[in-house]
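Here is the structure we will look at.
What you see below is based on every heavy atom in this structure, not just the backbone, and it leaves out hydrogens, waters and symmetry mates.
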Amino acid sequence: MKHFLQLKDFTGEEFEYLFQRAKWIKHQFKNYLAYQPLKDRTLAMVFEKQSTRTRVSFEAGMYQMGGIAINLTTGQTQLGRGEPIEDVARVISRMVDIVMIRTYNQDIIERFAQYSRVPVINGLTDEHHPCQIMADIFTFMEHRGSIAGKTVAWIGDGNNVARSWLQAAKIFDFTLHVSTPPGFELDVGEDACANLKVCTDPMDAARHADLVTTDVWTSMGWEDEEDTRKQQFADWQVDTDMMRVAKPDALFMHCLPAHRGEEVAADVIDGPQSVVWDEAENRMHTQKALLEYLLLGRLA
C-alpha cells in the first residue's frame, strides 16, 4: 500500500508510468469510451478547506472510473467536534477503499495516513500540493514534450505549490527559478537542491523561462493579510512585460482560482501563452491515473 502525501513519495519512473496512464485515460474520456476499472470502489473525500477543482476533479473522476465518491466536511463529521484524527482514520479506512484529504497542516494528513488501512492522497495542505504539480507537468508535456532540462519560473508567494514545484525540479531534472517578495521566501528545508535558483528580481526569474507560473497572493487561511499583501506583492504580477523576457514559446500556468489584475494580468491568463484551462482539466485525468495506480497497481 502506498500513500501520496507529497510529490517525492513517488519516483520519476512511477510518474512516467502515471503520465502514460493519464494520457490513455484522457484519450478514452475524449472519445466517449467508457473505462470503469474501479467499479464498487469508494473514495472518501475529507475537506477541511473549501474546494472547487479538487472536489469536482476527484468526484467526477471516481464516478467516470465506475466508483463512488463520498464528500465529507468537518462541519458534517465528528472532526469538527474534536474527534482525534487517528480515530477518524481507523474508522473511515475500514469503510472505504481510498481517502483524499484537503486540510491545513501537513501533520494532519501524515497522522491520518499512519493509522489508515487504505491509501491516502494529499488534496492540498499548507505545505504541499502534489496533485496540482502532477497535472501541471503533464500539461507541459502535452504542449512542449519532456520538462527535463527546461526552466520553470515561480513568481509570487513561497507557498505550498512552490514547495511542490521544488520537489518536482529534483525528480524531473529541470531548473526552478523562484522569486518572492521579502518575507515570503520559499522554505526549502530538506528539499534543497542544485536545481533551485532564487532571484530577487522577478524579471530575472522569468528571463528565458520555458514556463512561468504563479498563484494567488493570499492563500486560504491568510485572508486577514490580504490588503498588506497586495502592497508587498505589487511588483510580482505576471504581466506581458514579464512574459516577454521569457522564451517566445513560454507557457503560462496558474493553479486557480485567479485574481486578474493582482498576481496575473488579464491579457496573460486569457492570452495565447496561457494553458490554465488544459491545466485545470488535467487535474481530473492525472488523478484518475493516480486512483487507478493506488488501488490496482500497475496495469501495463
Side-chain angles (χ1 to χ4, degrees), residues 1-7 9-11 13-47 49-73 76 89 91-103 109 112-113 116-125 128-142 164 255-256 277-300:
M1 184 181 71
K2 291 182 70 73
H3 301 300
F4 188 54
L5 307 184
Q6 49 184 304
L7 211 73
D9 287 342
F10 285 5
T11 65
E13 194 271 338
E14 284 179 297
F15 281 115
E16 181 180 353
Y17 168 79
L18 285 170
F19 292 150
Q20 290 174 353
R21 293 302 300 165
K23 181 179 179 180
W24 184 85
I25 288 169
K26 183 174 181 178
H27 176 270
Q28 301 301 102
F29 174 80
K30 292 294 187 181
N31 288 277
Y32 300 97
L33 299 173
Y35 177 60
Q36 299 187 327
L38 303 184
K39 186 177 181 180
D40 296 327
R41 300 297 184 103
T42 302
L43 164 69
M45 305 184 299
V46 181
F47 290 100
K49 281 192 172 186
Q50 294 177 341
S51 168
T52 300
R53 279 151 294 276
T54 297
R55 177 177 176 180
V56 174
S57 58
F58 270 107
E59 190 165 342
M62 195 65 182
Y63 286 139
Q64 290 166 19
M65 300 276 273
I68 299 169
I70 300 173
N71 179 46
L72 300 170
T73 65
Q76 298 169 324
V91 173
I92 290 180
S93 66
R94 285 173 176 260
M95 300 178 179
V96 302
D97 301 284
I98 191 165
V99 178
M100 185 281 296
I101 302 178
R102 183 180 174 95
T103 186
I109 199 168
F112 191 106
S116 175
R117 297 171 59 161
V118 300
V120 177
I121 297 171
N122 181 353
L124 175 144
T125 64
H128 300 282
H129 199 356
C131 290
Q132 180 65 56
I133 303 310
M134 186 169 64
D136 292 357
I137 292 174
F138 179 73
T139 303
F140 185 91
M141 293 169 61
E142 283 188 319
S164 290
C255 61
L256 303 177
W277 316 121
D278 291 341
E279 178 189 5
E281 179 188 335
N282 282 335
R283 282 287 302 276
M284 183 175 72
H285 304 303
T286 52
Q287 287 164 190
K288 286 165 74 173
L290 178 64
L291 289 165
E292 179 194 72
Y293 178 58
L294 291 176
L295 286 171
L296 304 179
R298 288 178 177 266
L299 301 182

Practice problem: Would you mind telling me which of Y293, Y17, F19 makes a ring pair (Phe, Tyr, Trp, His ring centres under 6.0 Å) with F10? | Solution: Y293
[X] and [Y]: which non-hydrogen atoms are nearest, and at how many Å?
X	Y	result
L5	P130	O-CG, 4.1 Å
L295	R41	CD2-NH1, 3.6 Å
K2	L294	O-CD2, 3.6 Å
L43	M100	CD1-N, 3.8 Å
M65	I25	CE-CD1, 4.4 Å
A69	E59	CB-CG, 3.9 Å

Does [X] use its side chain to pair, donor to acceptor, with the backbone of [Y] at less than 3.5 Å?
X	Y	value
T42	V96	no
T286	N282	yes
N122	F4	no
E281	D278	no
S164	H129	yes

Practice problem: Begin from the C-alpha positions of L7 and F15 and carry the test side-chain contact (heavy atoms from CB on, under 4.5 Å) through to its verdict. | Solution: CA-CA 10 Å; L7 211 73; F15 281 115; 3.8 Å; yes
Quiz item: Are more than 12 heavy atoms from other residues, nucleotides or ligands located less than 6.0 Å from atom CZ of R94?
Solution: no
Gap between atom [atom2] of [Y] and atom [atom1] of [X] - 0.5 Å precision:
X	Y	atom1	atom2	result
I98	E292	CD1	CD	11.0 Å
I68	K39	CD1	NZ	11.0 Å
L18	R298	CG	CZ	8.0 Å
L290	E14	CG	CD	10.5 Å
M45	R102	CE	CZ	11.5 Å
I133	Q6	CD1	CD	13.0 Å

Does [X] have any ring-ring contact (aromatic ring centres under 6.0 Å, His included) partners at least two apart in sequence or in another chain, and if so, which?
X	result
F58	none
H285	F29
W24	Y35

Test item: [X] and [Y] side chains (from C-beta on) under 4.5 Å apart, heavy atoms:
X	Y	value
L38	L296	yes
K23	M141	no
Q64	M284	yes

Quiz prompt | Positive for side chain to side chain contact (heavy atoms under 4.5 Å, CB included) with I101, one of V46, I121, I92, T125 | solution = V46
Practice problem: Would you check, one step at a time, whether the test side-chain contact (heavy atoms from CB on, under 4.5 Å) holds for L291 with M62? | Solution: CA-CA 8 Å; L291 289 165; M62 195 65 182; 4.0 Å; yes
Quiz item: Any ion pair linking R53 and E279 (charged N to carboxylate O, less than 4.0 Å)?
Solution: no
